[in-house]
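Below is one structure, written out as structure tokens; comments come after it.
Counting starts at 1 for both ligands and their atoms, following the listed order. Keep in mind it's a predicted model, so treat the numbers as computed, not measured.
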Amino acid sequence: MSDSALRTAFERLNIPWTEEKEQTLLSYMDRILERNRQVNLTAITDREQFIEKHIIDSLACAGTEAFGRSGRIIDVGTGGGFPGVPLAVAFPEKSFILLDSLNKRVKIVDELCRELGIVNVTAVHGRAEDLARQEDFRDGFDLCVSRAVANMSTLCELCLPFLRVGGTFIAYKGEGGEREVEEAGRAIELLGGQVKEILYPAEGRFMEEHCLVQVEKLRPTDPKYPRRAGLPGRKPL
Ligand code: SAM
């Protein structure tokens, strides 16, 4: 695969492509790979694999109706900026908060976004359990995205409190996504959510086992959630 795979992916996902967006994403990749020598940001060091598994995979939710109508988006557990940074570059009119509990990673994402002029991103250091209790974050987002952070039950406790009622949480899941959704049924209901659908955006393509689980927030989340830091992971609802 060559770098033009990115242009093909934009077209397939109906995202307006520009040379500038492509160059920004490729520069972001090169800088992440450079910084990866000192700080663990990704296990994927091959450029082609990086484009496929980080950049294109991150863009997978772009075609959903929920993404289309969302202006304010939070990425919980963004790590090296995925899926938040590729989405922010592809959609400069939307604003993104990128949250992670590891400050080293947050600082790098913040620095790289500044260097590359990605102005619609704010990188925030903290745990979702703590941030979701702050007034300016709770109920403040149209959409929450999260990839490779926790099981579905834990994730819903971390993510649903950030959404306004009517907002959507999109979990990027690998193999076993459907089973996780079944197991999280009670937690989702308890947190005010409802599974809307499970999409397979890469059907018949490279990562066919990947899916996007869409959870709608129907009711306000009880103020007792999320529980204190660490509990959602250790004792899922
Ligand atoms: N989302 C990125 C991706 O797909 O490449 C990073 C995935 S990495 C496996 C999980 C990230 O979630 C780590 O950077 C970790 O620090 C962060 N994380 C885990 N629990 C968290 C929490 N409770 N609040 C905020 N960030 C968290």
Side-chain angles (χ1 to χ4, degrees), residues 25 28-29 31-33 35-36 38-47 49-62 73-89 96-113 121-134 137-138 140-141 143-163 169-177 180 187 191 201-202 207 209-213 221 225-237:
L25 288 170
Y28 186 78
M29 167 178 73
R31 287 168 200 221
I32 284 282
L33 290 175
R35 303 297 288 269
N36 201 38
Q38 277 85 43
V39 175
N40 177 21
L41 297 163
T42 175
I44 297 168
T45 53
D46 173 78
R47 285 178 102 242
Q49 293 260 324
F50 193 109
I51 291 171
E52 188 96 342
K53 294 191 172 160
H54 281 322
I55 303 180
I56 297 176
D57 190 60
S58 291
L59 297 172
C61 78
I73 299 166
I74 185 166
D75 176 8
V76 171
T78 193
F82 305 104
V85 169
L87 289 170
V89 172
F96 291 79
I97 298 283
L98 271 46
L99 169 65
D100 203 280
S101 54
L102 206 62
N103 201 24
K104 274 191 205 168
R105 292 184 181 146
V106 172
K107 277 189 171 164
I108 290 174
V109 170
D110 182 54
E111 250 175 70
L112 298 189
C113 286
V121 157
T122 306
V124 176
H125 172 230
R127 290 193 71 121
E129 294 93 318
D130 301 323
L131 268 289
R133 292 188 166 274
Q134 291 182 17
F137 286 96
R138 195 172 184 98
F141 296 86
L143 186 78
C144 176
V145 289
S146 188
R147 192 183 80 153
V149 173
N151 68 62
M152 202 54 202
S153 170
T154 302
L155 266 184
C156 284
E157 185 170 354
L158 299 180
C159 293
L160 286 174
F162 285 114
L163 295 173
F169 167 43
I170 299 184
Y172 286 60
K173 284 286 167 193
E175 228 175 328
E180 276 192 44
L191 294 157
M207 284 193 259
E209 76 280 12
H210 279 206
C211 64
L212 300 174
V213 180
T221 303
Y225 302 118
R227 292 165 292 161
R228 69 182 152 78
L231 266 188
R234 282 201 305 278
K235 290 191 174 173
L237 289 171

Exercise. For the pair I97 and F137, evaluate side chain to side chain contact (heavy atoms under 4.5 Å, CB included) and give the outcome as yes or no after the intermediate values.
Key: CA-CA 10 Å; I97 298 283; F137 286 96; 4.0 Å; yes
Quiz item: Hey, does G230 sit under 4.0 Å from ligand 1 if you only count heavy atoms?
Solution: no
Quiz item: So is V76 in contact with ligand 1, going by heavy-atom distances below 4.0 Å?
Solution: no
Self-check item: side chain to side chain contact (heavy atoms under 4.5 Å, CB included) between R105 and N40, intermediate numbers included
Solution: CA-CA 8 Å; R105 292 184 181 146; N40 177 21; 4.0 Å; yes
Closest protein heavy atom (residue, atom, distance) for [atom]:
atom: atom 6 (C) of ligand 1; result: G77 O, 3.4 Å
atom: atom 17 (C) of ligand 1; result: D100 OD2, 3.3 Å
atom: atom 23 (N) of ligand 1; result: E129 OE1, 2.9 Å

Exercise. Starting at NZ of K107, measure out to NE2 of H125 and round the result to the nearest 0.5 Å.
Key: 9.5 Å
Quiz item: When rounded to the nearest 0.5 angstrom, what distance separates CG in L155 from CD in E180?
Solution: 7.5 Å
Quiz item: Which residue from R127, R147, H125, K53 reaches closest to atom 3 (C) of ligand 1 through any of its heavy atoms?
Solution: R147
Self-check item: Identity of the nearest option to atom 22 (C) of ligand 1, non-hydrogen atoms only, from A229, P232, A128, P83
Solution: A128
Practice problem: Of all the heavy-atom pairs spanning V85 and C113, show the shortest one and how long it is. | Solution: CG2-SG, 4.0 Å
Quiz item: Any idea which part of D75 is under 4.0 Å from ligand 1, heavy-atom wise: side chain, backbone, both or neither?
Solution: neither
Against heavy atoms of [X], which atoms of ligand 1 measure under 4.0 Å?
X: G79; value: 6 (C), 14 (O)
X: V149; value: 12 (O), 19 (C)
X: R105; value: 13 (C), 14 (O), 16 (O)
X: S101; value: 16 (O), 18 (N), 21 (C), 25 (C), 26 (N), 27 (C)

Quiz item: Is there a nitrogen or oxygen of H54 sitting under 3.5 Å from a nitrogen or oxygen of ligand 1?
Solution: no
Quiz prompt | N/O separation below 3.5 Å, A148 to ligand 1 | solution = no
Self-check item: Close side-chain approach of V39 and I108, heavy atoms under 4.5 Å
Solution: yes
Quiz item: Does a side-chain heavy-atom distance below 4.5 Å link F169 with S146?
Solution: yes
Practice problem: Examine distances only and state if a side-chain atom of T78 and a backbone atom of L99 form a donor-acceptor pair shorter than 3.5 Å. | Solution: no
Practice problem: Please check if the side chain of D110 supplies one atom and the backbone of A123 the other of a donor-acceptor pair under 3.5 Å. | Solution: no
